[in-house]
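The structure under discussion appears below in the form of structure tokens.
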Amino acid sequence: MSDIAIANINQAIGGKLAVLLGGRSAERAISLKSGAAVMAAFERQGIAVEGIDVANAGWMQRLSGEFSHVFIALHGPGGEDGTVQGALECLDICYTGSGVMASALAMDKFRCKLLWLGVGLSTPRFAELTANSDWQGIINDLGPVIVKPACEGSSIGMARAANAVELADAWQNAQAYGRVFAEQWISGSEYTVAILNGKALPAIKLETDAAFYDFNAKYISDETRYLCPCGLSAVEEQELSELALAAFSSLGCAGWGRVDVMRDAAGKFYLLEVNTVPGMTDHSLVPMAAKQAGLNFDQLVLAILAGSIAANVV
């Protein structure tokens, strides 16, 4: 981004930019890494920035009156679910990413899938799990499944189940994170599509030797393979991009985010989830896709911030 554009951003901010990070969710450690990377990118480009950990008492008072713009680098409940977004709207502070409603919908994977079914977008079949669930009946209906907490990210609490015993055990472990559902296991390739200011970035194909793309594969392992270009034909990638944009739009999402998708052996794409504040660490996917599109990390964070500023200009 040019010096003029950065000067315009500094003028719009009118002082320091706040980066919200940390928080109390199970994804706190990842958020701290994302926030640190984002802050360093802004500092490299002459934008004054201050990190504010929302786990600390008084963070709202710290923002009020001193900051007009916020970059949200929070992941999971309490930061990605519309609660922080609502607080910022009460303070009349401009923030990056999706608004209250879209953030809440995207965070709740179960309700998100209900919405996609209602608008005719493809997503794997699923069933809510409770203590009274018919474990064998669900396996008979869906076959092997992936068990997911409805309102967690980073694959926390997820497990594959191929029979009734494994399903009951997976629910028992996942229910500590709130409401849980089982999703039909799709055998095939996994892709992710980053969205930036209304456009889909090049898709990434994810390959792991683990049972699925779990927390270790996402953030720790150096064995996970990220293919970008993703190996799809131009027509297939266009179909994937259009599906991702439709999923993003259906929830009312804005600014930036990431849509995760499976493709079965027959070539059909299935929506898994939308991340409204994706990771921004050295293992993260949005920076990889941006690089393929010609944007380095510093340019990416500036584009995210500039998009939020432009969206709030009357």
Side-chain angles (χ1 to χ4, degrees), residues 23-31 55 74-86 100-119 121-188 190 208 210-220 247 250-251 259-262 264 270-277:
R24 294 188 174 90
S25 83
E27 298 179 76
R28 172 179 171 80
I30 305 304
S31 173
L74 296 163
H75 309 315
E80 199 173 351
D81 58 0
T83 53
V84 161
Q85 290 77 7
V100 176
M101 179 193 71
S103 298
L105 278 172
M107 189 75 237
D108 190 330
K109 300 180 189 69
F110 182 78
R111 297 193 183 282
C112 181
K113 288 168 70 69
L114 290 173
L115 186 148
W116 284 337
L117 286 181
V119 297
L121 294 178
S122 173
T123 189
R125 297 168 61 218
F126 59 103
E128 187 170 10
L129 302 181
T130 70
N132 298 318
S133 289
D134 178 358
W135 310 116
Q136 188 61 56
I138 291 171
I139 292 295
N140 290 345
D141 183 36
L142 299 180
V145 297
I146 181 89
V147 174
K148 300 180 177 182
C151 296
E152 278 292 349
S154 293
S155 299
I156 290 169
M158 288 171 52
R160 188 178 187 274
N163 57 55
V165 173
E166 290 177 352
L167 180 58
D169 288 344
W171 170 80
Q172 184 64 45
N173 292 330
Q175 55 90 28
Y177 299 101
R179 199 165 75 256
V180 179
F181 68 99
E183 182 178 73
Q184 176 189 14
W185 181 268
I186 302 296
S187 295
E190 183 167 359
T208 176
F212 62 94
Y213 188 50
D214 59 11
F215 186 93
N216 183 74
K218 286 180 177 179
Y219 299 114
I220 300 172
S250 71
L251 302 180
V259 183
D260 296 337
V261 182
M262 290 295 299
D264 68 13
Y270 295 86
L271 293 166
L272 299 181
E273 63 180 280
V274 173
N275 295 271
T276 55
V277 188

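Heads up: numbering here begins at 1 and tracks the sequence. Atoms considered below: every heavy atom in the structure, side chains included; atoms not considered: hydrogens, waters and symmetry mates.
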Derivation and outcome, side chain to side chain contact (heavy atoms under 4.5 Å, CB included), residues S122 and L271: CA-CA 6 Å; S122 173; L271 293 166; 5.8 Å; no
Considering non-hydrogen atoms only, spot the tightest contact between A26 and I156 and give its length. CB-CD1, 3.5 Å
When you measure from the side chain of R160 to the backbone N and O of I146, does any donor-acceptor pair fall under 3.5 Å? no
Identify the two heavy atoms, one from I139 and one from A161, that lie closest to each other, and give their separation to 0.1 Å. CD1-O, 4.2 Å
Check whether any side-chain heavy atom of Q136 sits under 4.5 Å from a side-chain heavy atom of L167, and report yes or no. no
What are the two closest heavy atoms between T276 and A102, and how far apart are they? CG2-O, 4.4 Å
Residue list, side chain to side chain contact (heavy atoms under 4.5 Å, CB included) with A29, at least two apart or on another chain: none
CZ of F110 to CD of E273, rounded to nearest 0.5 Å, is 15.0 Å
Distance-only, no hydrogens or angles: does the D81 side chain make a donor-acceptor pair with backbone N or O of T83 under 3.5 Å? yes
Worked check of side chain to side chain contact (heavy atoms under 4.5 Å, CB included) between L272 and V261: CA-CA 5 Å; L272 299 181; V261 182; 5.8 Å; no
Closest contact, heavy atoms only, G23 versus R28: O-NH1, 2.9 Å
Name each donor-acceptor pair under 3.5 Å that joins a side chain in residues 169-176 to protein atoms two or more places apart or in another chain, with its distance.
from, atom 1, to, atom 2, distance (Å)
N173, ND2, D169, O, 3.3
Q175, NE2, Q172, O, 3.2

For a side chain to side chain contact (heavy atoms under 4.5 Å, CB included) check, start with the C-alpha distance between Y270 and T123, then their side-chain angles and the critical distance, and finish with the verdict. CA-CA 5 Å; Y270 295 86; T123 189; 5.7 Å; no
S31: which residues meet the side chain to side chain contact (heavy atoms under 4.5 Å, CB included) condition with it, sequence neighbours left out? L21, L74, H75
For Q85, enumerate each residue passing the side-chain hydrogen bond (donor to acceptor under 3.5 Å, both in side chains) test, keeping only those at least two apart in sequence or located in another chain. none
Go through the structure and list residues passing side-chain hydrogen bond (donor to acceptor under 3.5 Å, both in side chains) with S133, not counting sequence neighbours. none
salt_bridge(K109, E183) N-O dist < 4.0 Å: no
Specify the closest pair of heavy atoms between F181 and P149, including all atoms of both residues, with the distance to one decimal. CE2-O, 4.4 Å
Donor-acceptor contacts under 3.5 Å from residues 124-131 side chains, at least two apart:
from, atom 1, to, atom 2, distance (Å)
R125, NH1, D141, O, 3.2
R125, NH2, D141, OD1, 2.6
R125, NH2, D141, OD2, 3.2
E128, OE2, R179, NE, 3.4
T130, OG1, N132, N, 3.2

Residues two or more places apart in sequence or in another chain: which of them pass side-chain hydrogen bond (donor to acceptor under 3.5 Å, both in side chains) with S25? none
For Y177, which residues count as a side-chain hydrogen bond (donor to acceptor under 3.5 Å, both in side chains) partner, sequence neighbours excluded? none
Test log, rule side chain to side chain contact (heavy atoms under 4.5 Å, CB included), inputs L251 and C112: CA-CA 8 Å; L251 302 180; C112 181; 3.6 Å; yes
Over all atoms of both residues, closest heavy-atom pair of E166 and N163: N-OD1, 2.8 Å
